[in-house]
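Okay, structure first, notes after.
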Amino acid sequence: MLAGHARSLHRRFATAGARRHRSRETEGRTRMSILSPGLGRHPVGWLTLAGLERLPEEGFDLIVCSQRGFEDPLDRRFRALAAEWRDVPAGLTDHDLAEWLRARDLDLLLEMGGHGEGGRVSCLRHRPAPVAVKWVGAQSATTGVPGVAWMLTDARETPAGFEPHYTEQLLRLPDGYVCYTPPPYARPPSRPCRP
């Protein structure tokens, strides 16, 4: 039932805002953006920071589009990674947010809010970047949004055979789709229990 509803939404919005974008491939750098309400002390922050800190500096310009509006120690680590940090203006419609993102001249957009609290995944139907990818943040099912081409996942989150339930292409990472950064007050991990 959910898959059918998602496909229906996908067909409904499939042509909304389709545009061609300029590519930066010949320049050798990719302008990659993150759109998220959770970059900081939030599950999205804890589950993505380590992966983003390991991006090769020579290949990417990270453009962070934050919806938080306040700073904390984890937020400052995200800020240190960013070639550009932009606070998303409050109150934008999906169309206006897509235009605001398009003005950043992005090559790739990682959406990390989904349909959860503060998430703006629905603006991606207006295609603000040539490629939009869903990663972490209210990621329990398909987005159903036609502008989202890929979903980063793994074989545990979306086992083989789940493809018909998604409007996105599933890109399964081999060792898990999250990169956990424990908080500084966390105890060291203990040995795993053996049955």
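Residue indices begin at 1 and follow the sequence shown.
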Would you say Leu92 ends up clustered with Met112 if hydrophobic residues are merged whenever their side chains have heavy atoms under 4.5 Å apart, either directly or through other cluster members?
no
Is it true that Val121 and Leu110 fall in one hydrophobic cluster, defined by side-chain heavy atoms closer than 4.5 Å?
no
Hey, does Thr167 have a side-chain heavy atom less than 4.5 Å from the side chain of Val148?
no
Chi angles and distances behind the side chain to side chain contact (heavy atoms under 4.5 Å, CB included) call for Asp107, Val131:
CA-CA 7 Å; Asp107 294 310; Val131 178; over 6 Å; no
Close side-chain approach of Met151 to Val133, heavy-atom, < 4.5 Å
no
How far apart are the closest heavy atoms of Cys179 and Trp135, and which atoms are they?
SG-CZ2, 4.5 Å
Where Ala98 and Cys123 come nearest, the two heavy atoms and their spacing:
CB-O, 3.8 Å
Side-chain touch Pro73/Arg41, heavy atoms, less than 4.5 angstrom
yes
Looking at every heavy atom in both Ser33 and Cys65, which two are closest together, and how far apart are they?
OG-SG, 3.4 Å
To the nearest 0.5 Å, what is the distance between OG1 on Thr93 and CD on Glu99?
9.5 Å
In Å, rounded to the nearest 0.5 Å, how long is the span from CG of Leu49 to CG of Leu81?
6.0 Å
Any pair with a residue in residues 144-154 that passes side chain to side chain donor-acceptor pair (under 3.5 Å), sequence neighbours left out, goes on the list, sorted by first then second residue, please.
Thr153-Thr158
Lys/Arg-Asp/Glu bridge criterion (N-O < 4.0 Å) met for Arg172, Glu163:
yes
Keeping to residues at least two apart or across chains, list the salt bridge (Lys or Arg N to Asp or Glu O under 4.0 Å) pairs with something in residues 80-92.
Arg31-Glu84, Glu84-Arg86
Can you list the residues that meet the ring pair (Phe, Tyr, Trp, His ring centres under 6.0 Å) rule with His95, with sequence neighbours excluded?
His126
Validation row: Thr181, Leu47 side chains within 4.5 angstrom (heavy atoms):
no
Rounded to the nearest 0.5 Å, how far does OG1 of Thr30 lie from CG of Leu106?
11.0 Å
Could you note down all residue pairs passing salt bridge (Lys or Arg N to Asp or Glu O under 4.0 Å) where residues 48-58 supplies at least one of them, sequence neighbours left out?
Glu53-Arg77
Residue pairs involving residues 31-77 (criterion ring pair (Phe, Tyr, Trp, His ring centres under 6.0 Å); sequence neighbours excluded)
none
pair Pro89-Asp96: side-chain heavy atoms closer than 4.5 Å
no
Donor-acceptor under 3.5 Å (Glu111 side chain, Gly113 main chain):
yes
Quick check against the 3.5 Å criterion: does Arg127 have a side-chain atom that pairs as donor or acceptor with the backbone of Arg102?
no
So does Asp75 pair up with Arg79, basic N to acidic O under 4.0 Å?
yes
Cluster overlap Tyr177 with Phe162, hydrophobic side-chain contacts below 4.5 Å:
no
In the single-linkage hydrophobic clustering (I, L, V, M, F, W, Y; side-chain heavy atoms under 4.5 Å), do Leu101 and Leu62 co-cluster?
no
Hey, does the side chain of Ser36 reach the backbone of Gly38 with a donor-acceptor pair shorter than 3.5 angstrom?
yes
Ile34 side, atom CD1; Leu108 side, atom CG - distance, nearest 0.5 Å
10.0 Å
Report yes if the side chains of Val88 and Ser66 come closer than 4.5 Å at any heavy-atom pair, otherwise no.
no
Arg104 to Trp100 six-membered ring, cation-pi geometry met (6.0 Å, 45°):
yes
Is it true that Leu35 and Phe78 fall in one hydrophobic cluster, defined by side-chain heavy atoms closer than 4.5 Å?
no
So does Thr143 get a backbone contact from the side chain of His115, meaning a donor-acceptor N/O pair under 3.5 Å?
yes
Atom pair CZ (Arg156) and CG (Asp175), whose distance is rounded to the nearest 0.5 Å:
7.5 Å
Do Glu168 and Thr142 get their side chains close enough for a donor-acceptor pair, meaning under 3.5 Å?
yes
Holding to side-chain hydrogen bond (donor to acceptor under 3.5 Å, both in side chains), I want the full list of residues that pass it with Ser122, two or more places apart in sequence or in another chain.
Asp94
